[in-house]
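Counting begins at 1 with the first residue of the sequence.
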Amino acid sequence: MLGIGTEGPHVGLVQASEHPKIEFYLNNFTSAKDVLFAIKEVGFRGGNSNTGKALKHTAQKFFTADTGVRKGIPKVVVVFIDGWPSDDIEEAGIVAREFGVNVFIVSVAKPIPEELGMVQDVAFVDKAVCRNNGFFSYHMPNWFGTTKYVKPLVQKLCTHEQMMCSKTCYNSVNIAFLIDGSSSVGDSNFRLMLEFVSNIAKTFEISDIGAKIAAVQFTYDQRTEFSFTDYSTKENVLAVIRNIRYMSGGTATGDAISFTVRNVFGPMRDSPNKNFLVIVTDGQSYDDVRGPAAAAHDAGITIFSVGVAWAPLDDLRDMASKPKESHAFFTREFTGLEPIVSDVIRGICRDFLESQQ
């Protein structure tokens, strides 16, 4: 019923038992006839229903460009569970959401009262699905007469606009970096700053329909190194970051924030992505940072401030979004930027998820 074809939906199959087994990938068969034949050839494995293990494995290993994932098309897993899973499925559901996978659970034959004591978590369906709103869960009383349940399930699977879990922090954010190019930084430390920016950028799925990256270098002046729409591949973005030339000069962070909000985020007003600004600075700003930062917050831009060496903690807190303690970071040495990379990425993902609730 899905209308499988070269241009239409592509399907694969994973058998969950003691260990997950990928029976075939999305790009192994692109005609309905071949898919039906491949399904008939699948051998029954038996053993425990370690659904959590299978879902986690599928989210991490099944959906790659090599195995047939196409850009801009939702990733969906339909999990058929007979009774209940023998392992923990909640953690697998979290991993699937992080990977942008829409998890549907089709439960067949619910556990009878005498069996409930064997079920690890009675609310396992709600914890594993993409969104606990009733849309992603489906129940069939038993395996007999399943045909009548097919059409309503297929209708759900073909409702593109409901696939919220295709949007993740990795593919639905605009991140601008504001990089301090003042004289106190020095050339070798400036390279460490660029490495910090690259390591954050490379985590995201940069594409024309995915995450977007921009960078501005500032002293007393500001220079847009590249805008959100200039480059749509990760390779290009990382190459441009590597080649940014150090300006050297004074430090006017407030002006730089206003410049970035106006010139970099301004043209992206209609973007569906969530906006983030990561400021990296090593010193005291000669102008007011509080007013420009407040204007950025009001414009829906979440600010992470990262200070090195002489950057005053008051400035960092004044610029950072709330809660301040999870959006402002400080390190004495430029080599200390590296451990902050994962904190900023985690913060962006946390803020993104909260904005989607």
Side-chain angles (χ1 to χ4, degrees), residues 9-16 19-28 50-81 85 87-106 124-133 135-137 156-157 159-175 199-213 233-234 272-274 276 341-342 344-357:
H10 291 178
V11 302
L13 183 66
V14 180
Q15 188 175 171
H19 303 290
K21 184 190 178 199
I22 293 174
E23 302 287 354
F24 56 90
Y25 285 104
L26 296 167
N27 56 358
N28 288 148
N50 287 337
T51 318
K53 188 177 182 180
L55 176 57
K56 194 172 177 182
H57 179 80
T58 305
Q60 291 172 323
K61 301 279 191 288
F62 185 85
F63 293 101
T64 68
D66 291 343
T67 61
V69 165
R70 293 166 291 170
K71 269 186 181 174
I73 292 179
K75 295 181 278 199
V76 179
V77 170
V78 183
V79 184
F80 288 95
I81 296 183
D87 61 351
D88 175 30
I89 197 171
E90 182 178 7
E91 189 203 342
I94 293 167
V95 170
R97 285 191 286 280
E98 283 177 358
F99 277 83
V101 177
N102 295 277
V103 177
F104 281 79
I105 302 258
V106 180
F124 69 85
V125 171
D126 289 341
K127 289 178 178 173
V129 288
C130 160
R131 193 63 64 82
N132 174 16
N133 58 2
F135 180 82
F136 293 92
S137 50
K156 283 189 174 203
L157 297 177
T159 317
H160 260 222
E161 61 276 11
Q162 290 276 4
M163 303 293 176
M164 302 93 120
C165 286
S166 302
K167 293 171 81 66
T168 70
C169 65
Y170 300 112
N171 66 18
S172 300
V173 292
N174 299 323
I175 307 169
N199 287 337
I200 295 174
K202 70 164 68 146
T203 310
F204 294 88
E205 293 171 28
I206 301 162
S207 75
D208 50 351
I209 54 166
K212 306 257 189 297
I213 306 288
T233 71
K234 191 180 293 191
N273 289 3
K274 182 164 172 54
F276 292 91
V341 169
S342 55
V344 173
I345 294 164
R346 262 201 306 273
I348 288 170
C349 284
R350 180 197 58 233
D351 291 349
F352 175 83
L353 280 171
E354 283 173 8
S355 74
Q356 299 294 296
Q357 295 301 318

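Side-chain atoms of F276 and V344, non-hydrogen and from C-beta on, never get closer than 4.5 Å to each other. Side-chain contact between F62 and V77 is absent, with no heavy-atom pair separated by less than 4.5 Å. In this structure the side chain of K56 reaches within 4.5 angstrom of the side chain of Q60, judged on heavy atoms. Residues I89 and I81 have side chains in contact (heavy-atom distance under 4.5 Å, counting atoms from C-beta outward). Using a 4.5 Å cut-off on side-chain heavy atoms (C-beta onward), K202 and N199 make contact. Side-chain contact check for F136 versus N132: every heavy-atom pair is 4.5 Å or farther apart. Side chains of T51 and F124 form no contact here, defined as non-hydrogen atoms less than 4.5 Å apart. Taking the side chain as every heavy atom from C-beta outward, T64 and V69 never approach each other to under 4.5 Å.
Put simply, CD1 on I175 and CD1 on I200 are 7.5 Å apart, with the number rounded to the nearest 0.5 Å. The structure places CD of E205 at 5.0 Å from CG of N171, a figure rounded to the nearest 0.5 Å. One finds the CD1 atom of I94 at 11.0 Å from the CG atom of L55 (value rounded to the nearest 0.5 Å). Atom CD of E354 sits about 11.5 Å away from atom SG of C349, to the nearest 0.5 Å. Distance check: D126 CG to E90 CD gives 10.5 Å after rounding to the nearest 0.5 Å.
Judged purely by distance below 3.5 Å, without hydrogens or angles, the side chains of S166 and N102 pair a donor atom with an acceptor atom.
Figure legend: K234 and F204 shown without cation-pi pairing, the cationic atom not lying both under 6.0 angstrom from the six-membered ring centre and within 45 degrees of its axis.
Shortest non-hydrogen contact noted between R97 and C165 is CG-SG, 4.1 Å. Shortest non-hydrogen contact noted between H57 and I22 is NE2-CD1, 3.9 Å. Taking all atoms of both residues into account, the shortest heavy-atom contact from Y170 to I345 is CE2-CG2, 4.4 Å. Closest of all the heavy-atom pairs between V14 and P20 is CG1-CB, 4.3 Å. Closest heavy-atom contact between G100 and T168: CA-CG2, 3.0 Å. The two residues D87 and G52 have their closest heavy-atom pair at OD1-N, 2.9 Å.
For E91, the CD atom counts as loosely surrounded, since its 6.0 Å shell holds 12 or fewer non-hydrogen atoms of other residues, nucleotides or ligands.
Of the possible polar contacts, one joining the N273 side chain to the G210 backbone as a donor-acceptor pair under 3.5 Å is found. Looking only at distances, a side-chain donor or acceptor of N27 sits under 3.5 Å from a matching main-chain atom of D66. In terms of modelled atom types and a separation under 3.5 Å, the side chain of K75 and the main chain of F99 share a donor-acceptor contact. Checking side-chain atoms of K53 against main-chain N and O of D88 turns up no donor-acceptor pair under 3.5 Å.
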Steps toward side chain to side chain contact (heavy atoms under 4.5 Å, CB included) verdict (L26, R70): CA-CA 10 Å; L26 296 167; R70 293 166 291 170; over 6 Å; no
Side chain to side chain contact (heavy atoms under 4.5 Å, CB included) evaluation trace for V129 with F135: CA-CA 9 Å; V129 288; F135 180 82; over 6 Å; no
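Remark: S172 engages no residue in a side-chain hydrogen bond (donor to acceptor under 3.5 Å, both in side chains) (not counting sequence neighbours).
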